[in-house]
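The figures that follow rest on heavy atoms only: side chains count, while hydrogens, waters and symmetry mates do not.
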Amino acid sequence: MPGTTTLAAIKDLRDRIDYHNHQYFVLDAPELSDSQYDELMLELRSLESEHPELVTPDSPTQRVGAEPLEGFTQAEHPVPLLSLGNAFDDEEFMAWHARVADLLEEPQFDMVCELKFDGLAVALTYEDGLLTRGATRGNGVVGEDVTSNMRTIRSIPLRVPAAAPRRFEVRGEVIFPKSKFEAFNEQRIADGLPPYAHPRNTAAGSVRQLDPRTTAERPLDIFVYSLGYAEPMEFDTHWQTLSGLAALGFKTNPHSRLVHTPNEALDYCKTWVEGWENLDYGCDGVVVKVNRFDYQRHLGVVGREPRWAIAYKFPATQATTQLLDIAVNVGRTGSINPYAVLEPVNINGVTVRQATLHNADYIRSKDLRIGDWVVVERAGEVIPQVVSSIVSKRTGNERAFEMPEICPSCDEPVVRAEGEAAHLCVNAACPAQLVRLLEHFVSRGAMDIEGLGIKQTTVLLEKGLIRQVADLYTLNKDDLLVLDRFGETSVANLLAAIEASKSRPFSRVLVAVGIQHVGSEVAELLARHFPNIDALMNASREELEAVQSIGPKIAEAVVAYFGNESNRAVIEKLRAVGVTMEAEQGEEPVEQVLEGLRFVVTGRLERFSRSEITGRIKDLGGAVSGSVSKKTDYLVAGEDAGSKLVDAENLGVPVITEDDFLDLVQSRSGET
């Protein structure tokens, strides 16, 4: 058994190494030479090798030590990692500020400005002082568990002081510093290996290595920028949180700033629009957040975007190249989508060969011609698009582009509905549409049928085994074994995956069948409101628009989809083979106890955010207006109610608190 002297020596070494790690990797203020640091690590490793029973997960020696993984497991985020709305200029930012001010009924409020890092978003969970999980953002709801790889990043503490909350999660961005990226590439070249193209992509790829030792070889870093949750929560503002996280040993960005007016925020943005290239890490904008957490809760979330934050994006990086051709493809909804075929050009470390052209109106408005020299940018540093043609470089050999009149896939006519920008192939049996629809149908966010990629589905279509998505469920072993690359094991696994997909939730089925504008969030709303496929198929536009966040365009798309007999036939076949066509028990449609009543909401509420109470009213059949009028039945007023309260008093509109609102709902539920 080790004595108290050994235990004390190990604890002292760990504490000293943790301190010097923090000084070097977080504060950039080293106090030891590399050789002195190595001596401490060597001494600790020696003691731990003599007493392996004393090795703990938070020891500095355990940053690299896990065995390679066979694959990543999913990690569900208790609090979703939200996306951000964008502002691309001062006017859009001021419009966001005005909307927030109106919702808060406060003309001025503090904000925090932070650099928007070009890296990989992660969430780190700590329990009883120890790092217990590191996960990628994924789709914001479910990511991948990359704990072993997160432990290799020296600026991430493996343990935090006892003053930390018992259980909490921090969010941050893993980055590959530019200077270290250049040195890393130089070494790769010296070793006869090809260099990597972009720090951001290399950072993301490094985090997703199955062998943590590979991740450890790459000098990754992190900036922590927020709390996901904390038990207990001890902060009232975001600015306090950043200071608190730094005090716990996390690396926060030194350029964050508390501002009091929108002009101060714009001054901050302007500073970094002009200066971001001098940073040692990628940065594509500024994130501006409302500082007070009670204000954030009041503002709430729309879809997956918080109302209380916005990303002010820097101007996109541009390059000049030649437009070699304009081609089209057919989307899963039948849209004929033009795209630019470009002379390959490098834009900020990424080789761009194609770019979106959206539709015929876009091409016409830009006066783009095949053979033009064009300006191309990566919008938001992600999606390449053609910005303009360079008319002065035309030779007279350029050719105008015309949208095809015949679908390139099925030779059926292409139509353009009045008032619509898109050209469509309306042939429901169009092979190209079916290829794209099948690819979407089997994808992870839809029916999640593993083993069916684009190559496999194309073969099934070519052999005539599939003529619609529902035919997947009638495939049998004998049909598949005669095909190339379909062996006994792969066929058995595929058929098992197809069978398992029948039990996917109703909302996932609604995503899978490919209704235009119906993604995962809209599908969840529809599944909560309509208990089964029959109720949804027979819903009118008006009934659909009564659902929170369902607007006219989505309602029209749903009605149009179910108005097509071939689509109904697909639904019936899916139902016949046992695919889930109703919501889970407990997802009963909400009783419309507020039907016929019109509400206005004002002031800051305690129980609800603005979006939550608005959604509750709509779910219960009521209507919500932005201003008080004689048609208003109730004004729900919270703290610091403004001019709407005066309007209600002048018009004799009943003013109720949120508790009164809940009593009203309960009493009307009793009546029915």
Next on the checklist: My understanding is that only residues two or more places apart in sequence, or in another chain, count here; which of them pass salt bridge (Lys or Arg N to Asp or Glu O under 4.0 Å) with Arg541?
Outcome noted: Glu545
State which residues pass side chain to side chain donor-acceptor pair (under 3.5 Å) with [X]; sequence neighbours excluded, sorted by chain then number.
| X | result |
| --- | --- |
| Asp534 | Arg575 |
| Thr580 | none |
| Ser206 | Arg218 |
| Glu173 | none |

Does atom [atom1] of [X] have more than 12 heavy-atom neighbours, drawn from other residues, nucleotides or ligands, at distances under 6.0 Å?
| X | atom1 | result |
| --- | --- | --- |
| Glu402 | CD | no |
| Lys477 | NZ | no |
| Gln354 | CD | yes |

For [X], what residues pass the side chain to side chain contact (heavy atoms under 4.5 Å, CB included) criterion, not counting sequence neighbours?
| X | answer |
| --- | --- |
| Asp471 | Ile466, Arg467, Gln468, Thr474, Lys573 |
| Arg208 | Phe72, Glu144 |
| Glu543 | Ala539, Ser540 |
| Arg307 | Leu103, Leu299, Val302, Ser611 |

Looking at residues at least two apart in the chain, or sitting in another chain, which of them share a ring-ring contact (aromatic ring centres under 6.0 Å, His included) with [X]?
| X | answer |
| --- | --- |
| Tyr362 | His358 |
| Phe181 | Phe176 |
| Tyr126 | Phe168, Phe250 |

Checklist entry - Parallel under 30°, tilted from 30 to 60°, perpendicular over 60°: which one fits the rings of Phe117 and Phe223? => result parallel
Next on the checklist: Taking the side chain as everything from C-beta on, heavy atoms only, tell me whether Thr125 gets closer than 4.5 Å to Val170.
Outcome noted: no
Next on the checklist: Less than 4.5 Å apart, side chain to side chain, heavy atoms only: is that true for Thr457 and Glu439?
Outcome noted: no
Next on the checklist: Would Asp361 and Arg416 count as a salt bridge (charged side-chain N to carboxylate O under 4.0 Å, His left out) here? Give the steps.
Outcome noted: CA-CA 12 Å; Asp361 289 346; Arg416 181 178 184 178; 2.5 Å; yes
Checklist entry - Is the closest side-chain donor-acceptor distance between Glu127 and Thr132 under 3.5 Å? => result yes
Checklist entry - In terms of side-chain heavy atoms, does Ser83 have a donor or acceptor partner in Arg137 at a distance below 3.5 Å? => result yes
Next on the checklist: If we check side-chain hydrogen bond (donor to acceptor under 3.5 Å, both in side chains) with Asn149, which of these qualifies: Thr215, Thr214, Asp211, Thr136?
Outcome noted: Thr215
